[in-house]
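Remarks on the structure that follows.
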Amino acid sequence: MRFNFELTEPNPDSSSRNSLTPKEDILWVPLQNHPSLHLPPPHPTGDPEPSKVLAASPSKVLQTDVEISFEVNKISINRNGSALFLSGAYGLCVMYLYGRSSSKDDSIICRTVSIGSQIYFNGRNLIHVRKVSWHPYSDTHLGILSSDSVFRLFDLSSDVLQPEQEYYLQPVEPGRSRNAASICPVDFSFGGDHLWDKFSVFMLFSDGSVYILCPIVPFKSVYKWESVLEIYSDAEMFGLKSANPVAVNNSNLAIFWLEATFPELAHESKEGELSTLRAHPYAIFDASLCLQGPLRKVCHGVEDEDLAVRGAECEGHAVSFLYDLASKDSILVTAWSGGQLQIDALSDEIQPVWTVGSPPRLRVNSHDHILGLAMLCESISGELPVVKLDNPHDHTVWLGHPPPLLRLAIVDLALPRKTESGSYISMFADPLMPERIYSVHDGGIDSIVLHFLPFTSQSSGKDETVRSPSVHPVLSTCQVENSTPSPLCGFIALSDSFGYSWIAVTTSNKECVVLEMKTLNLLGSPNLRSVAADSIEGRSTLHQYLNLFHENYVEYAHKVYFELEHHGPQLKKIIDDQHARLAEAQEKLSKVVKKQSGLENRVNHAMHRHNLLEQRLHCLRNLPGVHKKPLSKAEREFKSELDQFTRVELDALRASIDTLRARLGRFRESSKGDAPNQHRKIAGRNNVLDAQISQLKSSLTKLSLVNSDNTKKVKLVESALKNQEISR
């Protein structure tokens with residue numbers, strides 16, 4: 001990311017890139033000759049220059065709106081570039097780079113506030129600030145370690161005077177006396193984005209011992225859903241299912257803390273619904289954090305107890321500490337006053353540990369919401385177990401043991417010894433290439449590149465040999481013997497994903513100088529000397545330039561890796577969504593395949609019914625009445641006359657039939673009487689009945705003739721109508 005300190009509003013239509021340098025023409029000069037730094041001239045040597053760094057001139061100067069009465073020895077910018085803290089032995093303040101600011105004399109006047117003035121710099125106590133650092137997961141939280149062995153976490157968005165969290169450190173080293181000098185804290189470092197490391201704070205004491213506080217989470221800080229879910233699932237799988245009751249108890253506390261700090265875990269939210277989780281204020285009511293440590297080297301046999309903490313080659317006392325997450329390795333670097341860097345790697349995972357029975361002190365509001373907390377953090381009393389490389393996994397996981405260290409290397413910077421107290425060395429990791437570590441000291445700036453990472457190499461399946469780190473000078477403030485180094489009060493390096501970089505340096509006149517930098521192509525430099533390839537000098541030159549080429553290639557590869565890692569979660573979310581849609585489509589296709597046979601039967605049945613309907617329609621079209629035309633007026637009148645005549649004849653016939661039925665019924669009733677009388681009556685009436693029957697027969701014959709005649713007439717009419725229709 002780039003930081004713009006211009007006061008005017010940016011034009012969204014402008015295609016030019018914002019710059020930290022002024023609008024006028026920029027002159028790129030070698031960093032060694034920049035007018036704002038006043039560095040001594042380089043001492044000529046016979047070796048080729050490993051790199052040539054250019055800085056933009058003129059530079060941009062930031063000034064505080066209040067007078068700074070202390071000497072600044074450390075500056076650092078937060079992750080979104082909105083604030084910069086200035087730290088010294090007798091003061092601490094924060095400059096806000098955006099918001100209320102004004103321009104004066106080609107400088108930017110920034111609003112500046114003092115931090116924790118009632119605790120550290122009130123003139124009534126002797127508490128000094130040892131280390132100040134921004135929290136990597138918050139833009140407003142500042143961690144401060146002081147000489148009273150207290151680590152405090154301030155939330156600048158709510159209160160700049162009173163801390164949000166306080167942790168009182170009380171290390172107890174088994175078998176050793178409680179020497180005030182040996183237990184004095186000197187530095188700390190926040191962990192990186194790896195399992196429980198993100199919730200850890202590493203504490204360095206003056207004797208080189210390292211302790212861990214876990215978990216520490218700023219209130220309202222934001223974390224990735226996947227990373228929190230990973231450690232939540234790990235605690236359930238390896239902790240709750242352990243046969244050791246200590247592991248079960250420790251994992252239960254961790255799960256309880258996770259569910260209270262991130263309530264979405266207890267609500268069983270689905271992974272696709274959330275991408276980030278916001279931490280809620282919480283503390284276990286009857287337990288405080290355990291000060292885990294001191295961290296010791298992995299034992300290969302009988303080893304001296306003191307050497308298990310510090311290296312045999314390290315001299316003086318520990319002065320600074322750095323945590324660096326390089327791929328899958330958690331690297332811990334301890335700087336000693338003798339000019340040595342002790343580089344170790346964690347050989348096991350960090351897990352949270354609480355001391356039950358030591359309740360914390362809480363500060364709440366009227367609604368019982370936690371506003372702040374304070375804890376007494378003590379180390380576990382008793383002898384620590386000896387950790388070996390061949391220890392089974394179930395003998396170390398969730399048992400509360402601090403993770404052991406795997407010694408990688410000890411680098412001697414060969415610094416000149418000018419004071420009895422030794423040299424002060426500060427360190428920071430390259431944001432684009434985590435394997436590169438920069439060390440800032442009285443003699444300038446050095447680059448240390450780690451060529452061997454044990455767990456990264458193991459996970460990638462590569463059998464790499466152990467290689468010592470390489471050290472390259474970046475900036476020298478004292479190259480001439482017995483010369484006085486320039487006053488570099490503070491130093492930070494900023495870089496973005498496009499390869500543009502800046503350095504910010506505080507000088508003795510309390511100004512913050514921001515320099516835009518770029519590095520020339522190392523192999524395209526015109527200063528290459530012509531040397532014989534078979535000479536010692538030629539082979540040495542070729543070897544150095546091959547190393548430089550490899551270093552630049554690795555740096556470019558890590559830039560690409562940084563971009564891929566930055567966009568990885570979003571791409572993963574898109575791919576998961578596409579996979580879910582694909583699975584849904586496949587499920588629908590399987591249902592269609594199952595229903596295909598039924599659909600085919602229904603379609604065949606519908607086609608069969610369609611064919612039958614087609615046949616019936618064809619038959620109906622062939623009926624004679626379909627093509628008949630309407631009758632004319634004369635035809636309709638003739639047809640009505642025929643119908644009327646037909647109805648009259650039929651009515652007469654029906655009346656005659658009814659009359660005969662009635663007579664037949666009366667005859668049957670009368671025949672039931674006396675048989676002799678009946679015979680006589682029958683004999684008398686036979687003649688009458690015969691006459692009537694003959695008359696009835698003649699009537700029926702006439703009716704039949706009339707009916708036949710009418711039928712013939714109807715047929716004639718129909719044939720005539722049909723002929724007429726045909727003729728039309």
Side-chain angles (χ1 to χ4, degrees), residues 1-5 18 20 62 74-87 92-99 110-113 115 131-145 152-158 160 164-165 188-194 197-202 216-228 275-279 322-326 330 426-434 436-438 490-504 506 512 514 516 558-559 561-570:
M1 73 186 147
R2 296 180 65 86
F3 304 97
N4 182 18
F5 299 96
N18 295 329
L20 293 175
L62 308 178
K74 175 67 181 300
I75 62 177
S76 179
I77 196 169
N78 63 351
R79 63 177 185 175
N80 66 355
S82 61
L84 179 78
F85 77 73
L86 307 175
S87 174
L92 171 63
C93 60
V94 171
M95 296 174 58
Y96 291 98
L97 307 181
Y98 296 96
C110 300
R111 183 172 66 93
T112 306
V113 296
I115 306 299
K131 174 66 176 295
V132 184
S133 178
W134 293 101
H135 198 281
Y137 292 96
S138 175
D139 298 323
T140 61
H141 281 81
L142 203 63
I144 301 177
L145 179 64
R152 296 177 175 92
L153 200 61
F154 285 81
D155 184 6
L156 305 185
S157 63
S158 59
V160 297
E164 177 187 272
Q165 303 178 39
F188 78 93
S189 181
F190 292 108
D193 189 13
H194 175 72
D197 291 21
K198 66 177 69 65
F199 300 143
S200 302
V201 180
F202 297 82
I216 293 180
V217 177
F219 298 164
K220 301 179 182 179
S221 56
V222 178
Y223 298 86
K224 297 178 182 178
W225 163 267
E226 295 85 358
S227 61
V228 178
S275 59
T276 58
L277 296 176
R278 185 176 297 275
L322 173 67
Y323 171 93
D324 181 23
L325 179 63
S330 298
S426 62
M427 301 171 292
F428 61 92
D430 192 326
L432 298 182
M433 183 179 175
R436 187 198 305 273
I437 300 171
Y438 291 98
F491 177 88
I492 57 174
L494 311 173
S495 60
D496 61 9
S497 57
F498 298 98
Y500 290 87
S501 303
W502 304 269
I503 62 172
T506 56
C512 178
V514 182
E516 186 173 359
H558 279 79
K559 288 180 182 179
Y561 171 76
F562 176 80
E563 289 294 322
L564 293 177
E565 187 178 26
H566 179 70
H567 297 290
Q570 183 66 20

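We're numbering straight along the sequence, starting at 1.
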Checklist entry - How would you list, by chain and number, every residue that makes a side chain to side chain contact (heavy atoms under 4.5 Å, CB included) with Val222, sequence neighbours excluded? => result Thr276, Arg278

Item to check | Main-chain N/O of His141 paired to Trp134 side chain as donor or acceptor, under 3.5 Å | outcome: no

Item to check | With Ser189 via side chain to side chain contact (heavy atoms under 4.5 Å, CB included) - residues at least two apart | outcome: Phe321, Tyr323

Item to check | Heavy-atom side-chain contact between Thr112 and Phe85 under 4.5 Å | outcome: no

Checklist entry - Is the closest side-chain heavy-atom distance between Asp430 and Ile437 below 4.5 Å? => result no

Item to check | By ring pair (Phe, Tyr, Trp, His ring centres under 6.0 Å) - contacts of Phe188 (at least two apart) | outcome: Phe151, Phe190

Item to check | Spacing of Ser76 atom OG and Leu84 atom CG [to the nearest 0.5 Å] | outcome: 7.0 Å

Checklist entry - Could you give the distance from CG (Asn78) to CG (Leu97), rounded to the nearest 0.5 Å? => result 7.5 Å

Checklist entry - Considering residues at least two apart in sequence or located in another chain, which fulfil the side-chain hydrogen bond (donor to acceptor under 3.5 Å, both in side chains) criterion with His135? => result none

Checklist entry - Atom CD in Glu164, atom OG1 in Thr140: separation rounded to 0.5 Å? => result 8.0 Å

Item to check | side-chain hydrogen bond (donor to acceptor under 3.5 Å, both in side chains) involving Ser87 - partner list, sequence neighbours excluded | outcome: none

Next on the checklist: Rounded to the nearest 0.5 Å, what separates atom CG in Asp324 from atom CE in Met427?
Outcome noted: 10.0 Å

Checklist outcome for this item: Lys224 meets the side chain to side chain contact (heavy atoms under 4.5 Å, CB included) criterion, sequence neighbours left out, with Asp193, Glu226, Ser227, Pro569

Checklist entry - About how many Å separate OG of Ser221 and CD1 of Ile216, when rounded to the nearest 0.5 Å? => result 11.5 Å

Next on the checklist: Quick one, Ile144 and Ile115 - any side-chain contact, counting heavy atoms below 4.5 Å?
Outcome noted: yes

Checklist entry - Between OG of Ser138 and NZ of Lys220, what distance do you get to the nearest 0.5 Å? => result 10.5 Å

